[in-house]
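All residue numbers in this chain count up from 1 along the given sequence.
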Amino acid sequence: MTDAHSAGSAPAVLFDIDGTLVDSNYLHVHAWHRSFADESLTVESWRVHRCIGMDGSTLLDTLVPDVDDDARKRLKDGHSRYYLDSRGLLRLLPGARELLERITELGLQVVLATSAPEDELEALREVLDSEDVYSAMTSGGDVDTAKPEPDIVNIALARAGVDADHAVFVGDAVWDIEACRRAGLTSIGVLSGGVSRGELTEAGAREVFENAEDLRAHLDESPVATLLSRVRSSGQGNA
């Protein structure tokens with residue numbers, strides 16, 4: 001995956017996309033539910049939801065640990081097919097684009113730190129419609145194992161040209177927060193993916209907001225404020 005344009009050295013806000021910027025988590029749940037049904041496997045949807053945001057292989061290890069490799073491939077292919085069939089139902093979450101634009105206006109980098117495969121990422125990018133805003137991006141093709149392993153976070157930091165002390169991460173899943181903890185990166189949780197405030201906080205989120213719009217309205221009360229102070233002290237940005 002190539003970056004949208006060259007990353008600079010300004011502090012960066014890294015964003016998960018599914019459930020954080022785009023309302024997609026429950027479409028993933030439904031897609032997995034249908035794929036499991038095709039294999040005559042019964043997995044309760046609430047259990048699937050609790051694994052959304054986790055690496056696909058790890059999700060299957062957690063939910064159906066005894067299936068063979070052929071079945072695992074069919075399950076992954078089925079999930080992708082059913083999810084993409086429902087792409088017309090994807091919607092931006094409240095305030096998502098406005099938050100990205102505001103981050104950029106303030107002189108910070110926007111980085112999309114997702115492990116979505118290329119075909120799913122294409123659908124998300126169409127909905128997000130913010131190609132001119134972000135400075136770097138990752139995809140599932142960049143790593144062998146996605147969240148909660150920290151690899152995708154570390155790659156996103158490298159592409160932004162910053163270290164963990166000059167970035168924060170915004171995500172909706174416990175697995176996002178866990179990946180950030182392992183990478184030594186401050187994380188912000190949002191409730192728009194359907195995970196409780198308590199779980200996100202217990203996993204290590206510094207602050208938790210309802211959704212992207214709530215975070216946008218309270219940026220100066222969030223860990224983003226620390227990054228903003230660095231921009232302002234250097235005379236950069238438009239804050």
> Do side-chain atoms of D163 reach the backbone of H166 as a donor and acceptor pair under 3.5 angstrom?
Replying inline: yes
>> A side-chain contact here means heavy atoms from C-beta on lying under 4.5 Å apart; do L75 and L60 qualify?
In response: yes
> Just checking, is any N or O donor in the side chain of D18 or H28 under 3.5 Å from an acceptor N or O on the other one?
Replying inline: yes
>> Looking at R197, is its backbone amide N or carbonyl O close enough to the side chain of T201 to form a donor-acceptor pair, meaning the two atoms are under 3.5 Å apart?
In response: yes
> Which pair of non-hydrogen atoms, one from A205 and one from G189, has the smallest distance, and what is that distance?
Replying inline: CB-N, 3.9 Å
> Are D38 and R34 ion-paired here, with the side-chain N under 4.0 Å from a carboxylate O?
Replying inline: no
> Under the criterion side-chain contact (heavy atoms from CB on, under 4.5 Å), which of V111, V110, D176 is the partner of L14?
Replying inline: V111
> Between the main-chain N or O of L27 and the side-chain N or O of S24, is there a donor-acceptor pair closer than 3.5 Å?
Replying inline: no
> Is V133 reachable from V127 through a run of hydrophobic residues whose side-chain heavy atoms are each under 4.5 Å from the next?
Replying inline: yes
> Is it true that R97 and E101 make a salt bridge, defined as a side-chain N closer than 4.0 Å to a carboxylate O?
Replying inline: no
>> Within the structure provided, determine whether V162 and Q109 are in side-chain contact (heavy-atom separation under 4.5 Å).
In response: yes
>> Run the side chain to side chain donor-acceptor pair (under 3.5 Å) test on E207 and S222 for me, step by step, so that the C-alpha distance in whole Å, both residues' side-chain angles and the decisive distance to 0.1 Å come before the verdict.
In response: CA-CA 7 Å; E207 299 285 348; S222 78; over 6 Å; no
>> Measuring centre to centre across the rings, with the benzene-like ring taken for any Trp, is Y82 within less than 6.0 Å of H30?
In response: no
> Do L21 and F209 share a hydrophobic cluster (ILVMFWY, side-chain heavy atoms under 4.5 Å, transitive)?
Replying inline: yes
>> Could you report the tightest heavy-atom contact between K76 and S57, atom names first, then the distance?
In response: NZ-OG, 2.6 Å
>> Applying side chain to side chain contact (heavy atoms under 4.5 Å, CB included), can you list everything that pairs with N154, at least two apart in sequence or on another chain?
In response: P150, L157, A183
>> I need the minimum non-hydrogen distance between R74 and S35, along with the two atoms involved.
In response: O-OG, 3.8 Å
>> Please give me the minimum heavy-atom distance between L200 and V174, naming the atom from each residue.
In response: CD2-N, 3.9 Å
> Does V190 offer a backbone N or O that forms a donor-acceptor pair with the side chain of D172 under 3.5 Å?
Replying inline: no
